[in-house]
Structures are given as structure tokens and as C-alpha cells.
Amino acid sequence: MLIIGPPGSGKGTQAERISERLGVVAISTGDIFRANVKGETPLGIEAKKYMDNGDFVPDSVTNKMVRDRLLQDDVQDGFLLDGYPRTTVQVDELDDILAQAESRLDVVLQLTADDDELVKRLLGRALDTGRSDDNTAVIRHRLDLYHGQTEAVVARYAERGILTQVDGIGEIDEVTDRVMKAIEVAKTA
Ligand code: AMP
């Protein structure tokens with residue numbers, strides 16, 4: 001399955017919980033990039049240039065990383081992708097990877113929240129975590145990219161009839177309850 005949501009929607013937190021409860025591997029492209037930035041690997045050095053400005057890492061770089069990850073043994077019984085695909089080019093790539101692996105998506109879950117709430121949350125997170133991409137100008141840019149590019153990704157999955165939307169506003173546990181119920185309904189649909 002996929003979890004999609006604007007920056008600050010809590011998708012990382014919910015992805016961890018879904019992964020624990022369903023026993024599937026969670027793969028966060030943002031986390032993989034951050035680990036590479038920390039380790040100063042060539043991938044990290046390349047990605048950092050984009051991440052600090054709130055830009056997307058180029059599709060070619062991101063797609064290769066995801067393809068390598070999804071062909072590993074631990075994901076063969078299922079996976080939860082957090083933060084990918086974010087562009088329609090990435091949707092095409094994922095379709096190709098899944099076709100090659102003779103796999104398919106069961107559920108695409110979108111967490112929704114309005115921009116003002118997201119900015120408030122992200123500025124709070126900046127104080128807690130010191131993430132270098134959590135400041136007002138960069139946050140606005142990341143939200144613009146979400147609306148400008150990732151909403152087209154969401155529309156693609158809606159057309160395919162596998163999109164489930166969940167309100168991401170509320171207490172973390174409350175949102176998790178909504179998410180788990182939505183997954184149950186989507187799985188039996
Ligand atoms: P996230 O933790 O999901 O908010 O991702 C943090 C940052 O990593 C994003 O703002 C992008 O710079 C980069 N990133 C993560 N996933 C992708 C992706 N699918 N495509 C391009 N860039 C990505």
C-alpha cells in the first residue's frame with residue numbers, strides 16, 4: 001500500500017503504526033534520503049541540495065533508489081511506501097516496478113489536512129527536531145509542490161478506484177483508528 005499526504009500531515013507517524021499493526025515493511029523515501037545525508041554518501045550529498053530548499057529530489061535519482069529497495073527480499077510479502085510516488089513520472093515508474101515484480105497495489109491512503117494547520121504543525125516540528133527543511137518559506141514551497149504535483153498522483157489512483165481518504169486532523173491515536181478502519185474497508189472492497 002501507499003500513504004500519501006502533504007508535509008506535516010503525520011504520514012510518517014501513521015506509516016510506522018500501520019507497519020507495526022499489519023506486519024508489513026514501511027519504506028519512507030524521506031527517511032532513506034535523510035539517512036544518506038547523515039552518512040554523507042554520494043546519494044545523500046546529491047539529495048541534500050534539493051531537500052534543504054524543499055524541492056523534490058530528481059525523479060531519476062529517486063526512482064532508482066526505490067526500484068533497488070523494492071526488489072529486496074523483505075518486501076516480497078507486502079510493503080507500505082511513505083512519500084513515494086510524488087510525481088506522475090514516479091507513478092509510471094512504480095507501475096513498471098510492480099509489473100516486473102508481479103505485484104500490485106491494494107490500497108492508496110491519502111491523509112488530508114488544510115494548509116494553515118500544516119504550517120502550524122511544521123513550525124512546531126522545526127523546534128522539536130531541527131529539520132533543516134522546516135522553516136516558513138521552505139514549508140510553503142513544499143506545500144506548493146504537493147498541490148502542484150502530488151495531487152495529480154492522488155487523482156491517478158482515484159481514477160483507478162483504489163484511493164481512500166482519511167482526515168489527518170485530530171489526536172494521533174484518533175487518526176490511527178480512522179486509518180486502520182479505512183484500510184479494513186478498502187481491503188474488503
Ligand atoms: P518527507 O520526509 O517525505 O517529507 O521527505 C523529505 C524530503 O525528501 C522531500 O521534501 C524531498 O526533498 C525528498 N523526497 C522524499 N521523497 C521524495 C520523492 N518521492 N520524490 C522526490 N523527493 C523526495
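First listed ligand is number 1; within each ligand, the first listed atom is number 1. The first residue of the sequence shown is numbered 1, and numbering continues consecutively from there.
- Each of T62, N63, T29 was checked for a side chain to side chain donor-acceptor pair (under 3.5 Å) with Y84, and the lone residue meeting it is N63.
- Note: an N/O pair closer than 3.5 Å links K11 and ligand 1 by distance alone.
- Of all atoms in ligand 1, numbered sequentially from 1 with element shown, those under 4.0 Å from a heavy atom of R34 are 2 (O), 6 (C).
- Using a cut-off of 4.0 Å between Lys/Arg side-chain N and Asp/Glu carboxylate O, D128 and R125 are scored as not salt-bridged.
- Of the listed options E93, R86, K48, R86 places a heavy atom closest to atom 1 (P) of ligand 1.
- Here is the list of ligand 1 atoms found below 4.0 Å of a heavy atom in T29: 15 (C), 16 (N), 17 (C), 19 (N).
- Proximity to T62 (heavy-atom distance under 4.0 Å) selects the following atoms of ligand 1: 18 (C), 19 (N), 20 (N), 21 (C).
- Comment: R69 engages D74 in a salt bridge, judged by a side-chain N to carboxylate O separation of less than 4.0 angstrom.
- If you look at F56 next to ligand 1, the close heavy atoms, those under 4.0 Å, come from the backbone and the side chain alike.
- Nearest-residue assignment for atom 7 (C) of ligand 1 (options Q149, M51, Q90; heavy-atom criterion): M51.
- Taking any N or O of V57, backbone or side chain, at least one lies under 3.5 Å from an N or O belonging to ligand 1.
- Contacts with ligand 1 closer than 4.0 Å are made by backbone heavy atoms (N, CA, C, O) of D55 only, the side chain lying farther away.
- Below 4.0 Å from some heavy atom of Y84 lie the following atoms of ligand 1, by number and element: 19 (N).
- Using a 4.5 Å heavy-atom cutoff, the side chains of Y146 and I4 are in contact.
- Taking a cutoff of 4.0 Å between a charged side-chain nitrogen and a carboxylate oxygen, K120 and E117 qualify as a salt bridge.
- Distances between N or O atoms of F33 and those of ligand 1 include no value under 3.5 Å.
- A salt bridge links K187 to E184: at least one charged side-chain nitrogen sits closer than 4.0 Å to a carboxylate oxygen.
- Distance alone, capped at 3.5 Å, places no donor-acceptor pair between the Q149 side chain and the L145 backbone.
- The pair R104-D106 meets the salt-bridge criterion, with a side-chain N (NZ, NE, NH1 or NH2) lying under 4.0 Å from an Asp/Glu carboxylate O.
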